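Keep in mind that this is a model prediction, so the values were computed, not measured. Counting starts at 1 for both ligands and their atoms, following the listed order.
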Amino acid sequence: MTVPVCDIDFYSDAVIRDPLPHYAAMRALGPVVHLPRNGCYALPRHAEAVAALRQPLVFSSAQGLSLSPRVNAILKGSTLNSDPPQHDRTRAVTGAPLLPGALRGTVEARIRAAAEGLVETLVARGEVDAIADLATYLPLTIVAELVGLPEAGQGKLLTWASATFNLFADDNPRAQAAFADLKDLAAFLAEYGRPERLKPGGWAARIFEVGPERGIDPATCAQLMRDYINPSLDTTISATGQAIGLFADNPDQWDLLRARPDLIPNAIEEVVRLSTPIRAFSRHVARDVEIGGATLPEGARVLVIYASANRDERVFPDPDRFDIARDTANHLGFGMGVHMCMGMHLARLEIAALLEALRTRVARFERTGPATVAMNNTIRAWASLPVRLVPGRLADAAPATRAGEDWLDAVVTAREDAGEGVIALTLESAGNILFIMCDQLRWDYLSCYGHPHLHTPNIDRLAARGVRFDRAYVQSPVCGPVADEHLYRALCPATAQAGTSSR
Ligand code: HEM
């Protein structure tokens with residue numbers, strides 16, 4: 001069979017901004033299409049995408065998933081960029097903390113508590129950016145902390161993640177610009193990829209405990225830190241942000257979810273199907289192979305377009321319709337086969353926690369301005385999505401924990417260590433001093449969205465005195481330097497007394 005040619009540049013601005021008509025055109029052309037402008041073949045339909053993903057040694061990942069050989073030379077060695085049996089060995093190491101059983105308990109409780117606190121704060125604010133204020137919060141605070149990189153890495157997580165996703169393309173200008181960040185990440189892994197430089201107890205440090213026992217050498221252990229650094233942020237941020245956009249545009253589906261919380265797990269799958277945060281990844285054809293009636297030669301590159309397969313009308317009736325009750329089985333938003341997403345249980349947990357917190361507090365989402373598209377070669381996402389959270393409390397909402405009207409916005413102008421485990425913050429507007437008892441509180445997180453540990457009994461003790469942080473208030477989604485005064489904003493009730501430490 002002659003393979004039809006599709007004359008698009010898959011990674012051009014035009015396709016990134018408005019990809020769906022191009023996917024539909026490719027699916028109509030045939031099961032396999034040739035993309036000469038990207039130097040590869042593509043599988044735009046569901047059946048062939050699945051067939052390729054189920055033959056990982058033929059459609060190989062071990063040569064890297066990028067269309068660019070110089071990028072692949074750096075990426076090789078992570079779980080994503082390898083084939084069985086090496087793949088299975090490394091995945092067993094990095095995947096363990098992401099299994100449902102490992103997430104249950106402490107991690108889940110922290111994520112749920114953080115989601116409740118965040119949503120409550122945002123609903124009180126009303127108008128928010130669903131990306132910077134809502135979607136970015138859990139990945140950048142709790143998940144980043146669980147990974148446990150040293151300070152030098154924390155602030156760069158978003159840059160590295162989005163750079164890596166830009167690099168799974170051909171050598172277009174976006175990929176070229178990202179190359180410097182990839183080298184920066186490689187240098188970071190070389191310098192900090194050893195246990196003594198990582199935060200004790202974190203997932204990254206754990207690789208060096210478990211890896212050697214399984215015969216994985218330290219250099220590979222360092223590369224495996226990519227399993228957490230690259231895919232854990234942008235993907236979840238994208239899906240969460242697109243979920244809000246989908247519910248804003250389909251208020252009937254939000255009403256249904258509010259009435260039927262049992263649909264939340266399926267709603268998440270439907271969001272991931274329709275949004276497909278990872279548009280496509282490529283594979284290296286390891287031997288001549290027939291697929292979709294075409295013969296692909298050894299050495300060819302083939303793009304598996306998850307985003308197009310997820311809208312294949314042969315599998316999903318009325319595929320562009322957002323329907324949280326539809327049968328979502330076999331969608332490819334998390335991939336399929338041996339490389340199926342290792343972090344999907346964590347991603348589902350984060351999104352579920354947010355949707356559950358929003359369900360009981362938000363009647364509907366209203367767009368308040370134009371959304372902007374994030375220009376990334378691989379990740380489909382909103383860069384910004386301004387919405388109004390129209391309040392509407394359900395009877396089964398968790399009890400309100402904020403005082404309400406008499407909260408005032410206060411800038412923290414000074415801070416000092418007021419004793420062991422106690423931080424004193426001077427609030428400009430309130431003109432008083434706020435003491436925080438902090439057994440576990442750490443400065444680096446105070447500079448970034450507040451801190452999940454503010455949900456510990458410490459914050460309850462503060463709350464009892466009428467003082468609370470606005471956990472969502474932040475100027476930039478990336479952690480700022482500790483000295484950045486404006487990041488230390490707190491909400492403090494007008495009636496709060498200047499604190500005296502009760503320790
Ligand atoms: C909504 C959020 C997410 C989406 C849509 C997503 C999507 C995907 C997809 C499509 C793949 C398959 C790649 C392939 O076929 O080659 C994948 C693999 C992977 N994901 Fe995710 N992901 C998400 C969240 C996460 C999170 C939170 C983490 C880590 C904490 C993570 C870690 C990984 C890893 C390590 C792999 C490679 C697995 C392997 O090669 O065996 N992902 N993800």
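Numbered from 1 in the order shown, with element, the atoms of ligand 1 that lie under 4.0 Å from a heavy atom of Gly335 read 10 (C). The ligand atoms of ligand 1 that sit less than 4.0 angstrom from a heavy atom of Leu65 are 16 (O). Distances below 4.0 Å separate heavy atoms of Ala239 from the following atoms of ligand 1: 1 (C). Near Gly333, with a cut-off below 4.0 Å to any heavy atom, the atoms of ligand 1 are 5 (C), 7 (C), 10 (C). Interface of Phe281 with ligand 1, defined as ligand atoms under 4.0 Å from a residue heavy atom, comprises 13 (C), 14 (C), 16 (O). Atoms of ligand 1 found under 4.0 Å from any heavy atom of Tyr306 (numbered from 1 in listed order, with element): 13 (C), 14 (C), 15 (O), 16 (O). Interface atoms of ligand 1 facing Thr79, defined by a heavy-atom separation under 4.0 Å, are 39 (C), 40 (O), 41 (O). The contact set between ligand 1 and Val338, taken as ligand atoms under 4.0 Å from a residue heavy atom, comprises 41 (O).
In terms of protein heavy-atom proximity, atom 11 (C) of ligand 1 is closest to Phe334 O, 3.8 Å. Looking only at protein heavy atoms, the nearest one to atom 42 (N) of ligand 1 is Cys341 SG, 3.0 Å. Shortest contact from atom 28 (C) of ligand 1 to any protein heavy atom: Gly343 CA, 3.4 Å. Given atom 34 (C) of ligand 1, the protein heavy atom at minimum distance is Met342 CB, 3.7 Å. Among protein heavy atoms, the minimum distance from atom 40 (O) of ligand 1 is reached at His339 ND1, 2.6 Å. The closest protein non-hydrogen atom to atom 3 (C) of ligand 1 is Thr235 CB, 3.4 Å. With respect to atom 37 (C) of ligand 1, the closest heavy atom belonging to the protein is Leu80 CD1, 3.7 Å.
A donor-acceptor contact shorter than 3.5 Å links the side chain of Arg326 to the backbone of Asp318. Between the side chain of Thr94 and the backbone N or O of Thr90, at least one donor-acceptor pair lies under 3.5 Å. The closest donor-acceptor contact from the side chain of Arg361 to the backbone of Ala357 lies under 3.5 Å. Distance alone, capped at 3.5 Å, is enough to place a donor-acceptor pair between the Arg279 side chain and the Asn377 backbone. Of the possible donor and acceptor atoms, one in the side chain of Thr235 sits under 3.5 Å from a partner among the backbone N and O of Pro231.
Taking 4.0 Å as the cut-off between side-chain N and carboxylate O, Asp181 and Lys156 do not count as a salt-bridged pair. Between Asp13 and Arg174 there is a salt bridge, with a side-chain nitrogen of the basic residue lying less than 4.0 Å from a carboxylate oxygen of the acidic one. Salt bridge Lys199/Glu145: absent, no basic N to carboxylate O contact under 4.0 Å. Note on Glu270 versus Arg273: salt bridge recorded, some NZ/NE/NH1/NH2 to OD/OE distance being below 4.0 Å. Residues Arg367 and Asp249 are paired through a salt bridge, judged by an N-O separation under 4.0 Å between the basic side chain and the carboxylate.
In this structure, Val272 and Phe334 have side chains that are in contact, with non-hydrogen atoms separated by less than 4.5 Å. Two residues are said to be in side-chain contact when any heavy atoms from C-beta on lie closer than 4.5 Å; Pro297 and Val285 fail this criterion.
The closest non-hydrogen atom to atom 29 (C) of ligand 1, taken over Ser232, Ser82, Ser282, Ser78, comes from Ser232. Of the listed options Ala49, Ser61, Pro231, Pro231 places a heavy atom closest to atom 25 (C) of ligand 1.
The CD1 atom of Ile268 sits 9.5 Å away from the CG atom of Asn266 when rounded to the nearest 0.5 Å.
Counting heavy atoms under 4.0 Å from ligand 1, residue Ile278 touches it through the side chain alone. Contacts of Tyr228 with ligand 1, taken as heavy-atom pairs under 4.0 Å, are absent altogether.
The shell of residues lying under 4.0 angstrom from ligand 1, judged by heavy atoms, includes His87. Residue contacts with ligand 1 include Arg91, since one or more of its heavy atoms lies under 4.0 Å from the ligand.
Shown are Arg311, Arg321, Gln242, His331; of these, the side chain to side chain contact (heavy atoms under 4.5 Å, CB included) with Leu274 is made only by Arg311.
No N or O atom of Thr236 sits closer than 3.5 Å to an N or O atom of ligand 1. Checking only distances, Arg283 does come within under 3.5 Å of ligand 1, N or O to N or O. The N/O atoms of Asp227, backbone and side chain alike, include none that comes under 3.5 Å of an N/O atom in ligand 1.
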